[in-house]
2 protein chains.
Amino acid sequence: MRIGVLAKAAGVSVPTIRYYESIGLLSAPARQGGQRVYGSEYVKALSLIRHCRDLDFSLDEISDILASVQRRSPCSDTKSFAEQHLRSIRRKIAELRSLEATVAALVSGCETTCCGSAAPDCVILQPSQACCR
Amino acid sequence: MRIGVLAKAAGVSVPTIRYYESIGLLSAPARQGGQRVYGSEYVKALSLIRHCRDLDFSLDEISDILASVQRRSPCSDTKSFAEQHLRSIRRKIAELRSLEATVAALVSGCETTCCGSAAPDCVILQPSQACCR
DNA sequence: CTACGCCCTCAAGCCACTTGAGGTTCAAGC
DNA sequence: GCTTGAACCTCAAGTGGCTTGAGGGCGTAG
């Protein structure tokens, strides 16, 4: 099949497939008249990549996952990739929740104390608040 | 003051200051012998930028915020920037929470059904699950 | 006058693509 | 056989918010 057909079958864009090939994530297929021709195994491989991207794994992580799939590593390896990923998702959620609390506090601080002052004096923009990255 | 002093005073790196100048976020200061010389007003401006970055505003948003500060717009404008930002933070949290639930479900699915099979057959990697961006 | 620290510019790298320019191949219809 | 149009090709640049590095200039203290 040609690249456009593969793209639809796996649910990714054509340039993305070429990009994955260029970085070595997807192997280079055969060519006919300069055009890429894919076998059905590519649908599987690319669908797996897309599935992992849907789960927000990075391409580096996906590269490791693909290697473990090809090695037919035990499933526990896959699980540990997922667990590590889950921890990083939870870390991000915690960071965002803390940010949410900070911003929400500033907004309500503005409502109660600013009383329509000018922007330069708004409590939201005062750097004195404790916010360290 | 020179760029290194400003950087310490405002808590940002020297290249970051030059970067902000290059994209027009910070105005170009006077020069002496080719070197940038800053007045104390730059500490204020840069600290404000840093404060907004700490709150995870984008540089585009910060540019709008700085404009409203210079215009001495009413504080309600600032608040509406913050509220919009808060909504986008909450949207991201919701996305991450849904992702967290998906990945957590896959991990426990693996624990209960995979029983140590090989990676290609692990439930975590099966694209059949409903996961659409 | 030398050594050192700070400053300068410009370019490239990060991530995961997308977009665009400019050209080639393929399949269908006449 | 010829034309048209879609799909394909490569290569380069853009996105965001910086960081890192190369290769050099300036200022001052000893």
Side-chain angles (χ1 to χ4, degrees), chain A residues 1-26 28-39 42 45-66 85 88-89 92 95-96 99 131 133, chain B residues 1-26 28-39 42 45-66 85 88-89 92 95-96 99 131 133:
Chain A
M1 84 193 74
R2 292 200 296 173
I3 198 168
V5 178
L6 174 61
K8 271 191 189 142
V12 305
S13 77
V14 167
T16 297
I17 295 175
R18 287 197 276 251
Y19 171 68
Y20 287 163
E21 182 184 326
S22 79
I23 61 167
L25 191 63
L26 202 60
R31 299 263 182 152
Q32 283 178 10
Q35 304 199 350
R36 293 168 179 85
V37 180
Y38 296 93
Y42 279 90
L46 194 51
S47 298
L48 177 53
I49 293 173
R50 188 194 134 92
H51 172 67
C52 292
R53 285 298 296 143
D54 285 344
L55 298 178
D56 209 31
F57 281 99
S58 73
L59 295 186
D60 265 4
E61 290 166 333
I62 293 174
S63 178
D64 292 344
I65 291 170
L66 289 182
H85 187 49
S88 93
I89 292 168
K92 273 183 216 157
E95 283 170 16
L96 281 177
L99 185 62
C131 47
R133 291 187 186 220
Chain B
M1 84 193 75
R2 292 200 296 173
I3 198 169
V5 178
L6 173 61
K8 272 192 189 142
V12 305
S13 77
V14 167
T16 296
I17 296 173
R18 287 196 277 249
Y19 171 68
Y20 287 163
E21 182 184 326
S22 79
I23 61 167
L25 191 64
L26 203 61
R31 299 264 183 153
Q32 282 178 10
Q35 304 199 351
R36 292 170 179 85
V37 180
Y38 295 93
Y42 279 90
L46 195 49
S47 298
L48 176 53
I49 293 172
R50 188 194 133 94
H51 172 68
C52 292
R53 285 298 296 143
D54 285 343
L55 298 178
D56 209 30
F57 281 100
S58 73
L59 295 185
D60 265 5
E61 289 166 333
I62 293 174
S63 177
D64 292 344
I65 291 171
L66 290 182
H85 187 49
S88 93
I89 292 168
K92 273 183 216 156
E95 283 170 17
L96 282 177
L99 185 62
C131 47
R133 292 185 189 225

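Remember, predicted model here, so these are calculated numbers, not experimental data.
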What's touching nucleotides 19-21 of chain D from the protein side, N or O pairs under 3.5 Å?
residue, atom, partner, partner atom, Å
D:dT19, OP2, B:S13, OG, 2.9
D:dT19, OP2, B:T16, OG1, 2.5

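A:I17 has its CD1 atom 14 Å from the C1' atom of D:dC9, to the nearest Å. Atom OH of B:Y20 and atom P of D:dC18 are 4 Å apart (whole Å). Taking atom CE on A:M1 and atom P on C:dA27, their separation rounds to 15 Å, with Å as the unit. Straight-line distance from the CG atom of B:D56 to the P atom of D:dG16: 14 Å, rounded to whole Å. Taking atom CD of B:E61 as the reference point, atom P of D:dT15 lies 17 Å away to the nearest angstrom.
Residues forming a side-chain contact (heavy atoms from CB on, under 4.5 Å) with B:R2 (at least two apart in sequence, or on another chain): B:Q35. Shown here are the side-chain hydrogen bond (donor to acceptor under 3.5 Å, both in side chains) partners of A:E21, two or more places apart in sequence or in another chain: A:R36. Legend: residues meeting side-chain contact (heavy atoms from CB on, under 4.5 Å) with B:K92, ordered by chain and number and at least two apart, are A:L96, B:D56. Under the side-chain contact (heavy atoms from CB on, under 4.5 Å) criterion, B:Y19 pairs with B:S22, B:I23, B:L59, not counting sequence neighbours. With sequence neighbours excluded, the residues that form a side-chain contact (heavy atoms from CB on, under 4.5 Å) with A:S63 are A:L25. Residues passing the side-chain hydrogen bond (donor to acceptor under 3.5 Å, both in side chains) test with A:T16, sequence neighbours excluded: A:S13. In terms of the ring-ring contact (aromatic ring centres under 6.0 Å, His included) criterion, B:Y20 has no residue partners (sequence neighbours excluded).
Using a 4.0 Å heavy-atom cutoff across all strands shown, A:Q32 reaches sugar-phosphate atoms only and no base atom. Residue-level contact check: A:F57 touches neither bases nor backbone, having no heavy atom under 4.0 Å from any strand.
In this structure, B:I62 and B:R53 approach most closely via the heavy-atom pair CD1-CD, 3.5 Å.
A distance-only check finds a donor-acceptor pair linking the side chain of B:H85 to the backbone of B:L55 [under 3.5 Å].
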Q) What does nucleotides 6-13 of chain C look like as a protein-contact string, B for base, S for sugar-phosphate only, - for none, at under 4.0 angstrom between heavy atoms? A) -SSB----

Q: Before giving the answer on side chain to side chain contact (heavy atoms under 4.5 Å, CB included), spell out for A:Y38 and A:I17 the whole-Å C-alpha distance, their side-chain angles and the decisive distance to 0.1 Å.
A: CA-CA 11 Å; A:Y38 296 93; A:I17 295 175; 3.5 Å; yes

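For the helix from C:dC1-D:dG30 to C:dC30-D:dG1, the axis fitted to the five pairs at one end and the axis fitted to the five pairs at the other end meet at an angle of 30° (nearest 10 degrees).
The CG atom of B:D64 lies 8.0 Å from the OG atom of B:S58; values are rounded to the nearest 0.5 Å.
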